[in-house]
Amino acid sequence: MADGSSETKSSNQMWGGRFASGPDAIMEEINASIGFDKKLYAQDIRGSIAHATMLAHQGIISVEDKDKIVHGLDTILSEIESGVFEFSRRLEDIHMNVEARLAALIGPAAGRLHTARSRNDQVALDFRLWVKEELQRTERALTALIGAFLDRAEEHADTVMPGFTHLQTAQPVTFGHHCMAYVEMFGRDRSRVRHAIEHMDESPIGAAALAGTGFPIDRHMTAKALGFREPTRNSIDTVSDRDFALEFLSIASIAATHLSRLAEEIVIWSTPQFGFIRLSDAFSTGSSIMPQKKNPDAAELVRAKTGRINGSLIALLTVMKGLPLAYSKDMQEDKEQVFDAAESLELALAAMTGMVRDMTVRADRMKAAAGSGYSTATDLADWLVREAGLPFRDAHHVTGRAVALAEQKGCDLADLSLADLRAINPAITDKVFDVLTVEASVASRTSFGGTAPAEVRKQIAWWRARN
Ligand code: ARG
């Protein structure tokens, strides 16, 4: 059976009892999800094995039938994994494709598998298992990215660069400190992932269509067998709920937003004008016409993937909004959004980890830029407060005049003569020149979480113990 077109229009073998004829071709096309939910085959089979095992344990089906079912499901798993399984669109989705094949393999015993369950709790289970595994993959990918940043931060705890606000030079910082800002961001993403795993760690199977079942099932047993903490507590909510998918997509959107900010910085830093970093050949491309060019395509694509991931979140939120309880077929539209976002996020995280690990940091260029743009003006103002007893507002004004003078002379603050500075405020002494270098500036910022190399090393150690 290929994709249904050559098959006769008989009614559906799974639910067609009350139907005289099969669906219109368009109906079949809009209804089928097998094209994308075949991705859930391993979860579907695992879930069915746990369900059948529980049914036999509870005396609801015989042990012989359970053994046949489990053996048949194992065969189907290897058929799918070796690529010989023929998926049929007429059988709509992964659940019915697997069940129909099971009937062909083991005969009537296959029909007992669907006792005390429905596709509504079955799909909720399969999809939850898949999203949980994806969250675990995301957690590992974030750990790898954080690890890459910790290494670069350690290497560059003393490397001075300009810190920016409004993308205007603000105060000197260290590149290590800047790297650690991303460690904080991706660390928060990772803790959101961990919380989401906790939230969703409940087994849906046994909620049946929506009302539960009269069969004496043991939902705690299936929950345990499938690695969930416990079963869900309300059968109506269980088959209506896609919060776990929305939570994954919102976490993915926030992480993608972080990645896009980093991607943008990489794009800016790698321009010849900034020249703060050089991307490795492995993570850049050339131009087909301009031989001199090295383009940050990977960073640009990471920046763009954010649009897709955010789009998936909005799409699923919109699908779910206003849906009455319990299951509606609208919910079948949940999977493609999640699959696409997951693939994009995995790729973006891997590409970013590679770029961060590989890039060459041009400390000389960073240092030169750090000293320009009067970046130590705040240090001068702080010195006037500390050493000359000026109120900060007055110190700010005096410093402003010094900056204006330096600008007029076309030099840096540190190049003004003592006489020039004393003409602005006589309390200034030659000691002031100690704070006008970028190194002195960063070394002085020892407040908790500040940019001083010693402080950054403490932040690195804190994260190393948690990564
Ligand atoms: N393919 C369906 C989905 O993804 C499975 C559940 C179908 N349930 C139903 N009552 N028609 O949502």
Side-chain angles (χ1 to χ4, degrees), residues 3-4 11-19 22-24 26-48 50-51 73 76 80 85 87-102 111 113-134 200 203-213 222 226 232 235-246 248-249 312 315-342:
D3 244 4
S11 69
N12 188 288
Q13 84 185 85
M14 297 291 151
W15 46 249
R18 61 166 292 187
F19 287 78
D24 187 89
I26 295 293
M27 177 61 207
E28 189 179 296
E29 193 176 339
I30 195 173
N31 200 33
S33 55
I34 189 62
F36 48 88
D37 70 12
K38 59 168 82 142
K39 221 182 169 83
L40 299 176
Y41 73 88
Q43 291 75 15
D44 195 69
I45 290 172
R46 258 179 78 201
S48 288
H51 182 67
L73 289 169
I76 294 170
I80 296 176
F85 189 94
F87 291 99
S88 159
R89 199 176 75 180
R90 279 199 66 204
L91 291 165
E92 284 183 37
D93 55 25
I94 186 63
H95 324 296
M96 298 208 289
N97 269 269
V98 169
E99 202 184 319
R101 178 68 185 141
L102 188 64
L113 171 61
H114 214 53
T115 312
R117 78 170 184 190
S118 144
R119 273 190 295 156
N120 297 350
D121 59 340
Q122 192 177 355
V123 73
L125 169 66
D126 296 1
F127 197 31
R128 225 181 241 246
L129 283 171
W130 193 92
V131 172
K132 188 176 164 188
E133 286 161 27
E134 184 57 32
M200 57 135 25
S203 170
I205 194 72
L210 81 164
T213 174
T222 39
L226 292 164
T232 54
S235 60
I236 299 174
D237 173 53
T238 301
V239 296
S240 314
D241 168 36
R242 290 294 181 272
D243 289 7
F244 60 93
L246 290 171
F248 169 73
L249 290 172
S312 294
L316 187 56
L317 282 169
T318 311
V319 165
M320 295 306 295
K321 93 163 264 305
L323 281 191
L325 307 187
Y327 179 85
S328 297
K329 198 61 171 262
D330 310 51
M331 291 161 71
Q332 178 164 285
E333 294 283 321
D334 54 2
K335 294 168 205 65
E336 285 165 294
Q337 302 302 338
V338 169
F339 292 158
D340 188 76

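As the structure lists them, so they are numbered: ligands from 1, and atoms in each ligand from 1.
Here's the thing with Arg242: none of its N/O atoms is less than 3.5 angstrom from an N/O atom of ligand 1.
With hydrogens left out, the protein atom closest to atom 11 (N) of ligand 1 is Arg119 NH2, 3.5 Å, a heavy atom. The nearest protein atom to atom 7 (C) of ligand 1, hydrogens excluded, is given as Tyr327 OH, 3.5 Å; this is a heavy-atom distance.
Within the 4.5 Å cutoff, side-chain heavy atoms of Phe244 are placed close to those of Phe127. For the pair Asp237/Thr232, no side-chain contact is recorded, criterion being any heavy-atom separation below 4.5 Å from C-beta on. For the pair Gln122/Pro204, no side-chain contact is recorded, criterion being any heavy-atom separation below 4.5 Å from C-beta on.
Numbered from 1 in the order shown, with element, the atoms of ligand 1 that lie under 4.0 Å from a heavy atom of Asn120 read 8 (N), 9 (C), 10 (N). Annotation for ligand 1: atoms under 4.0 Å from non-hydrogen atoms of Asp93 are 1 (N), 2 (C), 5 (C). Close contacts of ligand 1 with Ser33, meaning ligand atoms under 4.0 Å from a residue heavy atom, involve 1 (N). Proximity to Lys335 (heavy-atom distance under 4.0 Å) selects the following atoms of ligand 1: 3 (C), 4 (O), 12 (O).
Considering all non-hydrogen atoms of both residues, Ala245 and Leu316 come closest at CB-CD2, 3.7 Å. Between Ser88 and Ile34 the shortest heavy-atom distance is O-CG2, 3.9 Å.
For the residues Glu92, Met96, Glu333, Gln332, the heavy atom positioned nearest atom 1 (N) of ligand 1 is part of Gln332.
Remark: side-chain polar atoms of Arg128 are paired, donor with acceptor, to backbone N or O of Met200 under 3.5 angstrom.
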